[in-house]
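Just below is one structure, and these are the notes that go with it.
Hydrogens, waters and symmetry mates are skipped; everything else that's a heavy atom, side chains included, is used. These numbers were taken from a predicted model, which means no experiment stands behind them.
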Amino acid sequence: MNKTFVFARRNLKEMLRSPVGWIFGLFLPIGIFLIMQIIVDGIGEAAAQVPMFGVDRFTGGAVIFGASFLGLFSAMLISGDRKQSFLSRLYASPMRAHDFILGYMLGVMPLAITESVVIFVAALCFGLTPTWNILAALPLSAIASVMFAALGVIIGSMLSDKNAPPVCSVMVQVAVLLSGMWFDLDAIGGGFDVFCHVLPFAHAYDMIRYTLAGDYANVWLPTLILITYTAAFVALAVAAFRHSKRSL
């Protein structure tokens, strides 16, 4: 496990060497959250007619939006290492496939934690009620972060350093649109609501918003579904990494 943490520290340092990327990924979700709350405050009473843009609902969407960028970062890391033949040299080490995968995912987790904490602090400044529910939502948001990091490893293992970032950018947009961040899936209903809940993104959003609302009776199902998806994506990430290793 020590070698995994050493590799994770290396990946974190590599990510910090490209400030444009991580600053963009860190401040864009926070910036969108702040802009939306300023707009909502400016609208005043009319905003009460759209409860999903209230600070208690939109906070969950901002957290998921920020977590989705972890896929981009992890994909860029692994595809860049493949291009530079860095991984081919590491294959001579005693590290196994799961050590590499954990190293890549752990390397981006400090950014995930920072994003979530800053978004929740900003939400408190805009009227989010300070309750113990926030402390419960923080570790749950880490599940979504791990899921997106695993998706990034899959994409980075299968695609080149030129193709992986555009595909991850599409993934970010899909995650945002189908999570319910911008529109109320419950109000839409029908086949579109069912389709969105077949994918994991809406469950990640539901998990955070139910937790912040203290509706723990409804938290367990989206959490269980998200954990299942996350475990499946981590397993696929290991398989994709092994496949890329054999192709070198």
Side-chain angles (χ1 to χ4, degrees), residues 1-12 14-15 21 25 64 67-112 140-176 178-179 195-204 207 222-248:
M1 184 59 71
N2 182 57
K3 55 182 177 292
T4 301
F5 285 114
V6 171
F7 186 54
R9 286 198 299 270
R10 173 264 172 190
N11 292 328
L12 176 61
E14 285 295 317
M15 185 177 63
I64 300 306
S68 66
F69 278 93
L70 299 179
L72 175 62
F73 295 139
S74 56
M76 291 174 62
L77 278 171
I78 191 168
S79 61
D81 287 345
R82 289 173 57 224
K83 177 185 177 182
Q84 299 171 7
S85 300
F86 175 73
L87 283 178
S88 60
R89 296 192 296 271
L90 280 183
Y91 289 152
S93 71
M95 293 178 64
R96 299 182 178 181
H98 66 271
D99 295 319
F100 286 103
I101 301 304
L102 286 174
Y104 280 115
M105 292 194 297
L106 289 174
V108 299
M109 289 307 293
L111 179 62
L140 289 179
S141 66
I143 302 174
S145 299
V146 172
M147 179 191 70
F148 282 110
L151 283 170
V153 171
I154 295 171
I155 295 172
S157 298
M158 303 303 294
L159 301 177
S160 68
D161 63 310
K162 293 182 179 180
N163 295 328
V167 172
C168 286
S169 297
V170 173
M171 179 189 70
V172 170
Q173 298 303 317
V174 170
V176 171
L178 301 185
S179 67
F195 172 73
C196 289
H197 281 91
V198 168
L199 300 174
F201 312 119
H203 295 291
M207 178 184 66
T223 303
L224 179 61
I225 293 174
L226 192 65
I227 290 174
T228 302
Y229 265 106
T230 301
F233 288 143
V234 170
L236 287 174
V238 174
F241 185 84
R242 286 175 175 167
H243 174 76
S244 67
K245 178 179 178 180
R246 289 194 297 268
S247 65
L248 288 176

Looking at every non-hydrogen atom in both residues, tell me the closest pair between [X] and [Y] and how far apart they are.
X	Y	result
Leu199	Tyr229	CA-OH, 3.9 Å
Val153	Ser74	N-OG, 3.7 Å
Ala240	Met158	CB-SD, 3.8 Å
Ala144	Ala204	CB-CB, 4.2 Å
Leu77	Val108	CD1-CG1, 4.2 Å

Within-4.5 Å side-chain heavy-atom neighbours: [X] and [Y]:
X	Y	answer
Pro165	Leu72	yes
Phe241	Ile78	yes
Phe201	Met147	yes
Leu236	Phe233	yes

Donor-acceptor pair, side chain of His197 and main chain of His203, under 3.5 angstrom: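 Judged by distance alone, no pair lies under 3.5 Å.
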Can you check whether Phe73 and Phe148 have ring centres sitting under 6.0 Å from each other?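 Between Phe73 and Phe148, the centre distance exceeds or equals 6.0 Å.
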To the nearest 0.5 angstrom, please state how far the [atom1] atom of [X] sits from the [atom2] atom of [Y].
X	Y	atom1	atom2	value
Ile64	Ser145	CD1	OG	7.5 Å
Phe7	Leu12	CZ	CG	12.5 Å
Gln173	Ser68	CD	OG	8.0 Å
Thr4	Ile101	OG1	CD1	11.0 Å
Leu140	Ile227	CG	CD1	8.0 Å
Asn163	Ile155	CG	CD1	11.5 Å

May I have the step-by-step check of side chain to side chain contact (heavy atoms under 4.5 Å, CB included) for Arg242 and Val238, ending in yes or no? CA-CA 6 Å; Arg242 286 175 175 167; Val238 174; 3.8 Å; yes
For residues 147-165, which residue pairs qualify under salt bridge (charged side-chain N to carboxylate O under 4.0 Å, His left out), counting only residues two or more places apart or in two chains?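 As it turns out, the salt bridge (charged side-chain N to carboxylate O under 4.0 Å, His left out) pairs with a partner in residues 147-165, which skip direct neighbours, are Lys83-Asp161.
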Which residues pass the side-chain contact (heavy atoms from CB on, under 4.5 Å) test with Val234, not counting sequence neighbours?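 Partners of Val234 by the side-chain contact (heavy atoms from CB on, under 4.5 Å) criterion, ordered by chain and then number, come out as Met105, Val146, Ala150, Thr230.
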For Ser169, all residues meeting side chain to side chain donor-acceptor pair (under 3.5 Å), sequence neighbours excluded: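 Once residues adjacent in sequence are excluded, Ser169 has no partner under the side chain to side chain donor-acceptor pair (under 3.5 Å) criterion.
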